[in-house]
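These notes are about the structure you will find just below.
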There are 2 protein chains.
Amino acid sequence: MTSEKLDRRKKYTRMVLRKSLLQLLKQKSFSSITVKEICERADINRSTFYAHYSDQFELLETIENEIVSDMKQYIDTYNLQEKEDALRMTEKLISYFAAKQEELIILLNASGETSFERKVREVAQTSIRNEWIDTENANQPLSSYMSAFIISGSVHVLKMWLLGGMEEPPHAMAKLINNLINHGIYGSNWDNFA
Amino acid sequence: MTSEKLDRRKKYTRMVLRKSLLQLLKQKSFSSITVKEICERADINRSTFYAHYSDQFELLETIENEIVSDMKQYIDTYNLQEKEDALRMTEKLISYFAAKQEELIILLNASGETSFERKVREVAQTSIRNEWIDTENANQPLSSYMSAFIISGSVHVLKMWLLGGMEEPPHAMAKLINNLINHGIYGSNWDNFA
DNA sequence: AACTGACTGTTGATAAACCAACATCGTGTT
DNA sequence: AACACGATGTTGGTTTATCAACAGTCAGTT
């Protein structure tokens, strides 16, 4: 996709700016964060910031889009390649979440001001539609109400899991969510979850 | 002293190179560490390395000298200023050690190949001579054997303390070492030290 | 001995980050 | 309203890091 050749300075600059904004988001609301503030914490000259991003919004956009783009990749490789099974894909996706725990918690908690959760929902919609079709539910129609319900539930469950320190292993979460999607709430095994 | 105005890039470059070498020293002997290796771990171009240091030795020198220079500062301000009391100075010095614990352990353990411990001894010599003079021991002469004995003991005690995770607070260590110096081993209170 | 491979130290051209300075826009204060 | 203040974008000139390429050294290998 975006395949500019980044030399080390660019990589470093963007990395620290990114970290800086995320740290600030832990402390205060996005609307109160200034470009100057981000640069000071990152120890980067303000003019350098503008060489990369036009403002705070674009920086946040970039951070969000990177994650969403990663998510899409997982889903696409599943769709295009061997279609092993939906469970495997979900598990890999959730392992990815585990690795990015810190960032995801920050971004999801700032959801009032940012569009991150909306973006996640959009991607999840695609994923879940495909999972639905590829399973024994294929005969049943998936109404937009149902998908909305499933997505809300899934995102919320994952949010809880991240905030709770990820006690359960990724594959357990993958199984749970798959069960929720395919067999409904009553068909799922809740034994492992207090 | 060395008061060049360092811009952010220089600061960053030197900082990562420094950290990189210290990390490598944790894993392997100094003589087996190459410039290329340091640069790769630091993610810095090799030619940039040579813009700052002529080789690994000079980098290590710089790291060692910075710490030794800090130590000298503590000792000098004590000597020149109000001469509050030796105990206070020792305590501040040891607090400084606590802050630099990580680095000191690495450098002291690599002592076979580096000159760090020798440098520390040299500084300690000055410090201890002054402490000796300023206390009730003033009438007694301090032979070079005695100072060597005291310095070896002090450095070793501090090394143990750092490696042991600094269980005792700095002021306790300061008191202990002062006692060792001023009143000898038998006069010291060893109660707090299993 | 010739050969391979890795590390070394140096070079010149290029790209990126730096900094100081400026005019501009809000916000809030006297 | 006039004012001060801080954040904002933008600029041009300077400094630094980057990269690729080079020839040199050295240890181990065939």
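Throughout, protein chains are lettered first and strands after them, A, B, ... in sequence-line order, and every chain is numbered starting at 1.
Residue A:T34 is classed as a sugar-phosphate contact, given heavy-atom separations below 4.0 Å to backbone atoms only.
A donor and an acceptor atom never sit less than 3.5 Å apart when one is taken from the side chain of A:R9 and the other from the base of C:dA17.
Atom pair A:Y53:OH and D:dT10:P shows a separation of 17 Å (rounding to whole Å applied). Distance, B:R46 CZ to D:dA23 C1': 12 Å, rounded to whole Å. If you take CG of B:L24 and P of C:dC7, they are 13 Å apart, rounded to a whole angstrom. For the pair B:R8 CZ and C:dC18 P, the interatomic distance rounds to 6 Å; values are reported in whole Å.
Ion pairing of A:E66 with A:R18 is present here, as a side-chain N (NZ or NE/NH1/NH2) and a carboxylate O approach within less than 4.0 Å. B:K26 and B:E102 are joined by a salt bridge, as a carboxylate oxygen and a charged side-chain nitrogen come within less than 4.0 angstrom of each other.
Between A:F30 and A:F57, the two ring planes are perpendicular [angle over 60°; tilted spans 30° to 60°].
The phosphate of C:dC18 has neither OP1 nor OP2 within less than 4.0 Å of any side-chain N or O from A:S47. One finds no side-chain N or O of A:Q56 lying less than 4.0 angstrom from the OP1 or OP2 phosphate oxygen of D:dA7. Distances shorter than 4.0 Å separate some side-chain N or O of B:H52 from OP1 or OP2 on D:dA17. Of the side-chain N and O atoms in A:N45, none sit less than 4.0 angstrom from OP1 or OP2 of C:dA17.
In this structure, the side chains of A:K119 and A:E61 come closer than 4.5 Å at one or more pairs of heavy atoms.
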